[in-house]
Peer 1: 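Quick one: the structure is below, questions incoming.
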Amino acid sequence: MKILLIGSGGREHAIAWKLAQSKDVEKIWCAPGNGGMSREFECIPLNVADVGTAATLAERLAADLTIVGPELPLVNGIADRFAAQNLLLLGPSKTAAQLEGSKVFAKRFMERNGIPTAATIGVFDSADEARKALAAVEYPLVIKADGLAAGKGVLVTSSADEASEFITRAMEKKEFGDAGKQVLFEKALAGRELSYIILTDGKTFISLAPTRDHKRAFDGDQGPNTGGMGTYSTNDILPADLKATILNEVVKPTLDALAKEQIAYSGFIFFGLMLTPDGPKVLEYNCRLGDPETQSILMRADFDIAKACYDAATGKLDASVAKWKPEASICVVMASEGYPGDPVVGKKIKGLPEAEQLSGVAVFHAGTRHEDDGFYTHGGRILGVAATGGTLGEARLAAYGAVDKIQIDGAHYRKDIGVAAPAADETAGTKAALGTQNG
Ligand code: AMP
Ligand code: GLY
């Protein structure tokens, strides 16, 4: 099988790394890929927003399958374009991708299909209307820009001033472009979050290993929201009864609703869940794999994902194919100075070979560039340093041991990835060993 993989992040590096382990995969092209991917795979320049050029590329390469990492091409209709040209692609149609591309679309879909989610307070088309509505709301309040905003379009706040300022930024200063034309107010939910991702061919599905993301920039969940500063995966975060509830109340109702509304779906569905005392509720749908969830998930995957992706794209997914290593996994993101704001880039990355040779460790590149004398930083999130271990504590030690080998001027990373884990006995030892933590 010859596969074209679209995207350039740590998620795509992990996908390519895992695809390459399949005996059926003869060739992987990455478009555009990144510095780290270019060392292992043939990378081809591509503006991922341009779905027409992507289709021309897949046709020219005679790729057997195209896998799409990021949401933008999906929301722009890459699946429809490929289908029109008889090219095989794994990913939902433009209509289906609205589940991620429009928070209002997703909310209405959940409401009319009885899928548990935070209650809507209102949807507003102008800053004046939205500000007027602030007078009557209870705090904390959640405000969401309707469209794609790279993880920055959501505010959870207890401050009316902050809410008003966010409305100005989204709707008047248009910081998120067209994504901020409409805003949604919803009730804030409390609980722990869980990233639950499935792969589906539209009829059947497999659940991927559960993960938890750390979205805030700094330790102890402080600072601004980011695309994700690190993830971990253990079986402990998903007891069997919780999994059954998620499947019965969220996953199956979503698939049934898609079928009922005649929205064909192949690809990944990412359920961003809040585990509330009243049960799991959907904070968001994504129409793709998560980044950096994928890095932790694929560290544990013990099956041929190339075959699973091909089968899902051709409507022949075998629901029993997924096998997961019992070990825990973790991914620690190293980010550039300034991230999630304007990142400082162009810094030399030192110590990669020393980190990569550690047992159980894989270093996935995101914002990197390869030069003759090594790697340089080239984006906000630079590397995802991933590891497995018998326990989450062991995985943490391995990953942070690798992080310690890597030097990048000004870079920052969270020291508490995987600490807020459920099994206290596993984390207690690591907290002491790493000398960190706020709990
Ligand atoms: P979203 O992009 O919709 O997943 O939102 C990004 C983050 O904002 C989520 O991962 C949560 O941490 C937070 N969030 C979103 N919606 C809510 C909500 N209704 N209540 C509390 N936190 C939320
Ligand atoms: N890490 C969250 C996301 O990929 O949306």
Side-chain angles (χ1 to χ4, degrees), residues 7 9-12 14-15 68-72 74-75 97 99-107 110-111 116-122 137-158 163 166 170 176 179-180 183-197 208 210-217 221-233 268-278 280-297 331-333 335 340 364 366 380-381 384 414 417 420:
R11 165 182 51 209
E12 287 76 23
I15 297 170
V68 185
E71 60 278 15
L72 185 60
L74 294 165
V75 171
L99 284 181
E100 174 164 6
S102 165
K103 304 262 188 210
V104 175
F105 176 95
K107 187 62 85 181
M110 289 187 270
E111 286 170 347
T117 182
T120 305
I121 297 170
V137 300
E138 278 173 33
Y139 291 92
L141 171 71
V142 182
I143 309 183
K144 299 186 173 183
D146 178 52
L148 295 182
K152 295 175 191 160
V154 175
L155 177 76
V156 184
T157 186
S158 290
F166 184 81
F176 318 123
V183 298
L184 168 75
F185 286 9
E186 69 180 35
K187 287 241 161 88
L189 298 171
R192 305 190 68 184
E193 289 183 45
L194 183 75
S195 300
Y196 196 97
I197 308 178
L208 306 190
T211 46
R212 187 159 276 142
D213 187 11
H214 300 253
K215 283 216 166 81
R216 301 295 196 103
D221 288 335
Q222 301 298 307
N225 260 328
T226 69
M229 292 299 290
T231 49
Y232 64 95
S233 175
F268 297 96
I269 308 181
F270 172 142
F271 302 86
L273 302 176
M274 187 71 92
L275 306 178
T276 77
D278 297 332
K281 298 198 192 288
V282 179
L283 297 177
E284 63 166 344
Y285 288 116
N286 295 317
C287 58
R288 50 165 175 88
L289 282 164
D291 188 349
E293 280 86 347
T294 303
Q295 292 85 318
S296 284
I297 289 170
C331 172
V332 179
V333 170
F364 298 117
R381 291 189 289 181
R414 281 183 60 161
I417 304 301

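Indexing begins at 1, ligand by ligand and atom by atom, following the structure's order.
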Peer 1: Touching ligand 1 at all, Gly272? Heavy atoms, strictly under 4.0 Å?
Peer 2: no
Peer 1: Below 3.5 Å, N or O to N or O, backbone or side chain included: is there any such pair between Gly227 and ligand 2?
Peer 2: yes
Peer 1: Does even one non-hydrogen atom of Lys281 get within less than 4.0 Å of ligand 1?
Peer 2: no
Peer 1: Look at Glu193 together with Arg212 and state whether they make a salt bridge at an N to O cut-off of under 4.0 Å.
Peer 2: no
Peer 1: Does ligand 2 come near enough to Asp291 that some N or O of the ligand is less than 3.5 Å from an N or O of the residue?
Peer 2: yes
Peer 1: Do me a favour and list the nearest non-hydrogen protein atom to atom 5 (O) of ligand 1 with residue, atom name and distance?
Peer 2: Val154 CG2, 3.4 Å
Peer 1: Find out whether Leu283 and Leu189 are in side-chain contact, i.e. whether some heavy atom of one side chain is under 4.5 Å from a heavy atom of the other.
Peer 2: yes
Peer 1: Using a strict 4.0 Å cut-off to heavy atoms of Leu189, name the atoms of ligand 1 that fall inside it.
Peer 2: 18 (C), 19 (N), 20 (N), 21 (C)
Peer 1: Among all protein heavy atoms in this structure, tell me which lies nearest to atom 4 (O) of ligand 1, with the distance rounded to 0.1 Å.
Peer 2: Glu284 CD, 2.7 Å
Peer 1: Do Thr117 and Lys107 make a side-chain contact, defined as non-hydrogen atoms from C-beta onward lying under 4.5 Å apart?
Peer 2: yes
Peer 1: Does Glu284 reach ligand 2 with a nitrogen or oxygen that is under 3.5 Å from one of the ligand's nitrogen or oxygen atoms?
Peer 2: no
Peer 1: Which residue owns the protein heavy atom closest to atom 5 (O) of ligand 2, what's the atom, and how far is it?
Peer 2: Arg288 NH2, 2.9 Å
Peer 1: Under 4.0 Å from any heavy atom of Val142, which atoms of ligand 1 are there?
Peer 2: 16 (N), 17 (C), 18 (C), 19 (N), 20 (N)
Peer 1: What are the atoms of ligand 1, with element, lying closer than 4.0 Å to any heavy atom of Met274?
Peer 2: 21 (C), 22 (N)
Peer 1: Could you list which atoms of ligand 1 come closer than 4.0 Å to a heavy atom of Glu193?
Peer 2: 9 (C), 10 (O), 11 (C), 12 (O)
Peer 1: Under 4.5 Å between any side-chain heavy atoms of Val154 and Lys103, yes or no?
Peer 2: yes
Peer 1: Can you sort out which atoms of ligand 1 are near Glu186, meaning under 4.0 Å from one of its heavy atoms?
Peer 2: 16 (N), 17 (C), 18 (C), 19 (N)
Peer 1: Atoms of ligand 1 less than 4.0 Å from Lys144 heavy atoms?
Peer 2: 3 (O), 15 (C), 16 (N)
Peer 1: Is Arg381 reaching over with its side chain to a backbone N or O of Gly228, donor-acceptor style, under 3.5 angstrom?
Peer 2: yes
